[in-house]
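The block underneath contains the structure these notes are about, expressed in structure tokens.
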Amino acid sequence: MKVVDGRLEFLNARAGMASFVGLVPTMGALHAGHVALLNAARAECANVVATIFVNPTQFGPTEDLAVYPRTVEADLQKCERAGVDLVWVPSVADVYRRGSAEATSVQPGPLGAELEGAIRPGHFHGVLTVVAKFFNIVRPDVAFFGEKDYQQLTLIGQMVRDLDLGVEVVGVPTVREPDGLALSSRNVYLSDDDRKQALALSRALFAGRDAAAGGARAILAAAHAELSGVNVDYLELRGAELESVVPESGPARLLVAARVGTTRLIDNLGLDL
Ligand code: PAF
């Protein structure tokens, strides 16, 4: 496995790669959810590139950019074990050569201002801009993203179609702890008590799925009943592409965001109506 930091060094290493390149963009602090992405890329692609970059433009002014967990040495070991060929760990200046404030960027469509976007204004603007940049620099055939960030995955799919970026986007199912908690780099912020409270999110989603035969109202009522101990930002049932008009039948998505102690968690689950 080759590890590079500078942009030129990366481009040189990338130029030596034969075709069918899979990309796994990450912000580091890798856990089993990321390893599932790396494994999926390894299984499908002749060459696997991972990036480790904590992208400042997707953090709001009061968010956790400064303290976001940074564990590069351990991350590289996980990449190596997963059979990654090339890891790029760029600096902010490598990625945003003209700075970010004045530079050209990618504006999501209306979905970017809903759900997470309503609570974290500008978040998806930062995500789509950096993902578009990585697509253009790395030039992958396929890119892998977790379903855990389902709105991000949906918006990246929209961006690829709307801007004809020509990259196949693959969603990889969420990895959960045995008790249901979805893996997240932010789980390290949870105290023991928070950790117990956090289970309300996955319990709500599973309760909603179990009530699916009763329709949208029954799903939301069952899910709400599990969320009494946490501070809910939203609980929403949407179409599979996150359309706000939920279809009467077929695939749908139940999404939840809540604050547990000082930590904000999100989770979601696919269900059939
Ligand atoms: O999901 C993430 O870790 C980030 O949002 C991504 C896609 C790597 C962009 O910074």
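As the structure lists them, so they are numbered: ligands from 1, and atoms in each ligand from 1.
The minimum heavy-atom distance linking Ala211 with Ala218 is given by the pair CB-O, 3.7 Å. Closest approach of Ala200 to Val230, counting heavy atoms only: CB-CG1, 4.1 Å.
With a heavy-atom cut-off of 4.0 Å, Thr26 touches ligand 1 through its backbone alone.
Using a 4.0 Å cut-off to heavy atoms of Val130, the atoms of ligand 1 that qualify are 9 (C), 10 (O).
Comparing His123, Gln58, His34 against atom 4 (C) of ligand 1, the shortest heavy-atom distance belongs to Gln58.
In this structure, the protein non-hydrogen atom closest to atom 3 (O) of ligand 1 is Met27 CG, 3.6 Å. Protein heavy atom nearest atom 5 (O) of ligand 1, with residue, atom name and distance: Gln152 OE1, 2.7 Å.
Side chain to side chain, Tyr68 and Glu63 fail the donor-acceptor criterion of an N or O pair below 3.5 Å.
Contact check on Arg195 versus Asp179 returns a salt bridge, with a Lys/Arg side-chain nitrogen under 4.0 Å from an Asp/Glu carboxylate oxygen. One finds a salt bridge joining Arg253 and Glu147 here, because a Lys/Arg side-chain nitrogen approaches an Asp/Glu carboxylate oxygen to under 4.0 Å.
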